[in-house]
Every structure is written in C-alpha cells, then in structure tokens.
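Each chain gets a letter, A, B and so on, in the order its sequence line appears, and its residues count up from 1.
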2 protein chains.
Amino acid sequence: MKQKPTLRDVAQHAGCSITTTSNILQGRHNLYRTETVERVLGAARALGYRTNHIARSLAKQRTATIGFVLDPNHARLTHNDYAQHVLDGVLAYLELCDYDVRLISPRSNVLERLWNRIDNGTIDGAILLAPVMGSPLLEWHRHSRLPVVIAGSTLPESYEFTTVDIDNEGAMATLTEWVLQQGHRAVGFIKGHPLHWSALQRERAFRQTLAQWNVPVREEWILQGNYTIESGRRAAEQLLRQSSLPSVVICADDASAAGFIQRCTEQGVRIPQDLSVAGFDDEPLIQPLVPFLTTVRHDKYQVGYLAAQLLHQQIETGNTTPQRLLLPAAMVVRRSVLPAPALTGSAPPQSVEGGSNP
Amino acid sequence: MKQKPTLRDVAQHAGCSITTTSNILQGRHNLYRTETVERVLGAARALGYRTNHIARSLAKQRTATIGFVLDPNHARLTHNDYAQHVLDGVLAYLELCDYDVRLISPRSNVLERLWNRIDNGTIDGAILLAPVMGSPLLEWHRHSRLPVVIAGSTLPESYEFTTVDIDNEGAMATLTEWVLQQGHRAVGFIKGHPLHWSALQRERAFRQTLAQWNVPVREEWILQGNYTIESGRRAAEQLLRQSSLPSVVICADDASAAGFIQRCTEQGVRIPQDLSVAGFDDEPLIQPLVPFLTTVRHDKYQVGYLAAQLLHQQIETGNTTPQRLLLPAAMVVRRSVLPAPALTGSAPPQSVEGGSNP
DNA sequence: CTCGTGTATGGAAGCGATTCCATATAGGGG
DNA sequence: CCCCTATATGGAATCGCTTCCATACACGAG
C-alpha cells in the first residue's frame, strides 16, 4: 500500500530531471534523444505513474473539465429525458477532446451559493441547460468571466450568450402551416411551460402563422400547459367544457398532447376522427403512448454535441463572441391529424411537405 | 476585467497574513479577535473572493468530489432511466455534505484509459453504477486504493466491494410466492439481461421458490430477455409458438413485461383473461403503457442516496470494510394477474400479502 | 582559435491554497 | 520581578506539476 508515485519518483527512476520527465510525459518527445524518451516512458510504466490532474490543473490554470449546469428551477435531472439526451451529446463530444464533465445540479436559488459551486476554478467553462426565464443563473453573465454556452434555449438578443437550440419558431411555423394546409381553420393550441423561452417561441410562431393565413385566433381555444402529461389532461377538460370546439389542436409538446388525447378518449372524443391533434418533440418516451401522433422531431443529442463543441472552441481560442445556433427540425406525419372535415378556408390548397412515417 | 482575487489579495486588503486569512475563511473564527475576523470577511466580500478549489484540493489532498461511473457496456446514460434515479439520490445526499459529482462515462473498454479517467486525483471516491459481469471496472479493485461503492448490483462475495442494491432475491421470491398463492402452477419466466447480476438473482429466486413449492420448472417456458420492451415482444413470439402455455408469466422487469403484453395482445391473447403477467421494477416510464401491471416497486433514488452516504463515510473515516446493503421492495398488486383458472396444486391456500393498489 | 547555432538537459519559480510551528504580547501567580 | 500560559498572528514549507530560462556541450563556419 505505497504512495502514488509522483513525477519526482519517475524522474529519479529514469535518472533525469523532473523537467525532462514532465516534457516527455506530455508528449514532447522530439525535444530529447529517443533513448531518454524510452527511459522515461519505461520508468513511468514500471512505477504505474498516473498524472495528478489536480496539480496539473493548478499549474496550467486549465482543468479540461466543463460544468453541466441544471437549472435549480428544473425538474430533477432524473425525470428529465431531455436533459439526458443533451448530456449524452455533450459527453460524446467531450470524449473526443478528452474533457470531463462536472455535474452541477443546484438545489438552491441563492446566487452566492450557486457561484461558489460554479466559479471555483474547477471548470474551464459551462453549459447551461435550458435556463428558465428569470433564472438566477442568467444573472451570472454580468460577473462571470467563464465561457458559457446555453443549450436548449434561445434567449432574447439582450442576453449576450452563445446559444444552441432547435429552431422552435421555424419548426412550429412549419407544423402550423401544414395543419392549415390540411384545411383546418378552427385550431386550438396547448401552450408549453410558461417559464421556458421555447414555449414562448412556439406559441409566437403558431400565432404568426395563423395571422399570415388570415385565420382568426380564438383565445378560448388557447390553453395553458406546462410540458407534462397531466397538464394536457387538464387542458382537455377545459376545452371539452366549451360549447364550440376546434377541428384540430396543436400542442407545444408531445407530453401534453398525450395527456390531451388520453383525456379526450376517456370522454368519448375520438382522436383523430372527432378531433385532430398534433404534438411537438417526437419524444421517445411518449411515443409508445400515442404511436399515431403527428409531431415534429428534433435532435437533442445534436444540441448537446454542438454546445460542447462551441464551448470547447471558446475555451481553446478565448474568443467568446456570442453566436446563436438554430438546428432544423423535421415534421413526422402520422395519423393523428386528418384533413379538415369541410374545407372553407381562403388559402390555396397545397401539397404536403415534411418528414415521413417510420 | 481584472484577475480573480487570491488569498494574498484578501490578506493584503485586510492587513493581515495569509495564514490568518485562510484560517478565518475556513471558519476557524474562534482563533482570532472578532475584529480581525470581520476585517477579513469584509475584505473577502469586498473583493468578491472565491476560494480556488483546485489549489485547495492540491493542498488538502482532498477534492470533495466523487466520480459517478457508468459502465462502458451500458446503454448510454440518456436511455437509462434507472441511472437517473440513482444519480438523483446521489446528488441529493452529496448536496448535504457539499460534495460534487464528476461524471465518468467511458466509451472505451481499455483498462488503461479507464484508469486515467478515474484514478487521476480528481475524485476522492467513486460510485460504480451497476457494473455488468466481467466489466473491466471490476478489475479495478485490485489496484485502486480509491474508496468505491457499487450501486445497483450485489456482487458475489468474492468481490470485496461495498454494495447497495435492492433485495432482488427477496423481492422476486415474494412475488413468485404470491403468484403461486393465486393458484398458478404453470408458470413461465422472462429472464433479464444476461450480464446483470440482478437478472441472475431474480431468476434464481424464481426457481428456488418454485422448488420450495414443489412446482416443476418447465424450461421451455423460461425465455431470455434483456430488460427491454423489444426483448419482451420476442419472448412473447417464442412462447406463443408453443403447443402448451403457462397460466402466468413472471417477467424479470417491467419493460419486457410491457413488450410481452403488447405482443400477446396483438396476437389476440388477452391479458389477464387468457394469461396472467407480472412485472418487476414498477418502472414509471413503463407504467403508462401497462397501467394494470402487477409488479414490484423499489426505490432507486434511495439506492443512490445510500450509496453516496456510505461512500462519504468511507472517505471521511478511511474505513473501507466492505458492506452489503439490501433495500426492501414492495409488491404492487394491480390487475394483470388473475387467480389461476383451476386450482390443482398441492400447496395450502394462503392469504394475499404484499403492497396495495394505488 | 573563436564564434555562433543547435541540441539535450536541468534549475527554480511559479500556480493558490493549507498547515506545522514559531513568535510576540499580555496577564496572572509566586 | 520573573516565569509560565494562553491568546493572536505570521513565516515558510508543502502539495505535484508546468514552464521560462539558463547551461553545457558539440560541431561546422569564418
């Protein structure tokens, strides 16, 4: 049970200086005679030497670690399938450049405590996962000199952050347009979580598209949701209580779509025969529940992968000029949206666009 | 854009030595006059000082960080609901003792690379999440002096690790016994992932219980699964091809149970009228698919929480004597298991035990 | 023979904390 | 008046590694 060998031990064993040893172990082989190199490498192997990354980090002022920061207002990571996919992409990229991840999952909203966890020298940069509006984490940028990339939210221009997210507006516009092309003119909407920018963006795109098509927005058909199955059920109850119903409901996400459909079915409203429904996210965990759901697919893994890549670049180059990446999403047409029962709209009929049905 | 302040800066600002500053900032207030304490604390606040944990770790030889190590043979974290719940428990405990988590998700099986990621001084201990049989991570214990706790697997005695897991054998014995008490004597089984100890343990308990009740095991009704929905579907196809069928099938996990039920239903075999099915895990993601599934519930969060606690103790005390924690699980009786059509067994009828139906 | 150039190596000062131990001062007892 | 103890503070080594810069030597050119 001996101590872990240090650089000094290796140097001693190899009969050369610490400098030489350090250089060779860092791969600067060409500085030395091959014989020296081999001696050092041999000694390191013989002793089972392993670089102490803490010491290295202190000396280099570089940890080769990034923080993956969950928002304290979020549901816990473990109930958050989204987080996992993004994280997976992050890990995949970091594997390439040999970086590590520190998980920062604050239970507290106290800015001071948050900072202590984050800005304590243990990470070179951070990925913030979909911070919500008004999150203390965003207060951060004023004081932090740490490179930061936001994954999963596109913030308003006023925030000077690099962001990576799917193109919520574009994708929802496409979806809405497609629904309109099916002839629907009476269209409802279930909103997403009120604190998420993505929810705002999706709603905005929905409204704008309706406006472009001169289709009136009926506010009593716009229901609040929060990206959960349960909220979809509640929305259904609210909607079904009304005297007149839309011919289609577009949901800001698959979870609420699933809840909505469930509740409708329980109430004897058949989907899609009596009412069409579209979702958004093509959430794999939801899919088995409503396998026929027409929705929009996007690549969360890719969001994480690119966020990591951008962050890595910022760290390496020191250039932290904000950028905004918007990834495209694809429609997945299944069977939950039927053509409108009676075409009455003013817009010209057009051909179907978008993804295919697996 | 000035440099981050260091201890020296604070000391200077407060007009005292670095030693004094360090002591006070570490909370040893009683060593000094209150006036000095206030001066130091004030200076630290004024400068926005934040201790550099890297330097601290080097000096203390303690990082206050543990590694959460996924098995390279595992599915990726993001498709692994189990991992998230355990991780969540881990985070909850670590929050209490102010430790952090480094995520170690090796893509490689190369032991040397694995070690470099793990044993490089950046963590004080590690939690291995459910390592599979023959995993390179287990080779580890011979060389590593790092405190390690295994979460989610109970290894054979020959491995000298502290483990935390649910009581797979006990829970499966209870479930099997309950099924037998319902009068079933023709009982099939879908096995879990062949590389997971939990799968072995569940199968063993199943067989032993049958043996205790003098119920013969029909090997053609024992089907291979691997903890996935798809494997349950395959098992159903295999089983339904046979000339004689069991009256009940016990599955080593909920996912394969769901797949099994799905496929049976598609083939016109009604569950539970034609065939009873029991699951195991009470998996929340599966539950919406088969809300009537009788299964066994256990607390993965608790597994993580306790694993973290044990590891923390080992780190603090230095005492790494192996322990094995087995957490109890509770039956959840729903409607997927009916009493056997005709009682013919030799065992005495007994009363129902186990959990309740929410 | 001297100088410059290039190659091979080592010395020593850091990185930013912690901590052992020494020192200084004040006050109380003999 | 001196010694001892307790209280308050600081000096300096240390953690293990990186890296700037110096040194030593050899060799060909001038």
Colleague: I want to check something: taking the side chain as every heavy atom from C-beta on, are B:Ile315 and B:Thr320 in contact at a cut-off of under 4.5 Å?
Modeller: no
Colleague: Check the distance between D:dT14's C1' and A:Arg8's CZ and give it to me in whole angstrom.
Modeller: 11 Å
Colleague: Would you say that A:Trp140 contacts A:Leu146 through its side chain, given a criterion of any heavy-atom pair below 4.5 Å between the two side chains?
Modeller: yes
Colleague: Rounded to the Å, how far apart are A:Leu31 CG and D:dC21 P?
Modeller: 16 Å
Colleague: Mapping B:Ala59 and A:Lys60 to their closest nucleotides on DNA chain D, which lands nearer the 5' end?
Modeller: B:Ala59
Colleague: Where each residue is assigned the nucleotide of DNA chain D containing its nearest heavy atom, which of B:Asn23 and A:Ile18 is assigned the position nearer the 5′ end?
Modeller: B:Asn23
Colleague: May I have the distance from A:Leu7 (atom CG) to C:dG10 (atom P), rounded to whole angstrom?
Modeller: 13 Å
Colleague: Let's test your reading of the model: under 3.5 Å, does the base of D:dG16 pair with the side chain of A:Thr51 as donor and acceptor?
Modeller: no
Colleague: Within a reach of under 6.0 Å around CZ of B:Arg50, are more than 12 heavy atoms found that belong to other residues, nucleotides or ligands?
Modeller: yes
Colleague: Quick check: are there more than 12 heavy atoms from other residues, nucleotides or ligands sitting under 6.0 Å from CZ of A:Arg62?
Modeller: yes
Colleague: Do the side-chain N and O atoms of B:His312 and B:Tyr93 include a donor-acceptor pair separated by under 3.5 angstrom?
Modeller: yes
Colleague: Look at B:Tyr49 and C:dA17 and indicate whether a side-chain polar atom (N or O) is within less than 4.0 Å of OP1 or OP2.
Modeller: yes
Colleague: Tell whether A:Thr19 reaches the base of D:dT18 with its side chain through a donor-acceptor pair below 3.5 angstrom.
Modeller: no
Colleague: Take the angle between the ring planes of B:His196 and B:His193 and call it parallel below 30°, perpendicular above 60°, tilted in between.
Modeller: perpendicular
Colleague: Ignoring backbone atoms, establish whether A:Arg62 has a side-chain N or O less than 4.0 Å from OP1 or OP2 of C:dC15.
Modeller: no
Colleague: Check each residue of residues 33-45 of chain A for a non-hydrogen atom within less than 4.0 Å of any atom in DNA chain D, then write out the ones that pass by number, or none.
Modeller: none
Colleague: Please report the distance, rounded to the nearest Å, between CG in A:Leu25 and C1' in D:dG16.
Modeller: 13 Å
Colleague: How many whole angstroms separate atom CD of A:Gln61 from atom C1' of D:dC17?
Modeller: 12 Å
Colleague: Let me know the distance between CG of B:Leu58 and C1' of C:dT19, rounded to the nearest Å.
Modeller: 13 Å
Colleague: Want to settle it: does B:Ala55 or B:Thr20 sit nearer the 5' end of DNA chain C, counting the closest nucleotide to each?
Modeller: B:Ala55
Colleague: What pair of heavy atoms forms the shortest contact from B:Thr162 to B:Pro322, and how long is it?
Modeller: OG1-CA, 3.4 Å
Colleague: Is A:Ser22 touching bases, backbone alone, or none of the nucleic acid, heavy atoms closer than 4.0 Å?
Modeller: base
Colleague: Quickly work out the B:His29 NE2 to D:dA8 P distance and round it to whole Å.
Modeller: 14 Å
Colleague: Starting from P on D:dA8, measure out to CD1 on B:Ile24 and report it in whole angstrom.
Modeller: 11 Å
Colleague: Does C:dC15 have its OP1 or OP2 closer than 4.0 Å to a side-chain nitrogen or oxygen of A:Arg56?
Modeller: no
Colleague: Mind telling me whether B:Phe161 and B:Tyr159 have parallel, tilted or perpendicular rings, with 30° and 60° as the class edges?
Modeller: parallel
Colleague: Less than 4.0 angstrom between a side-chain N/O of B:Ser17 and OP1 or OP2 of D:dG10, yes or no?
Modeller: yes
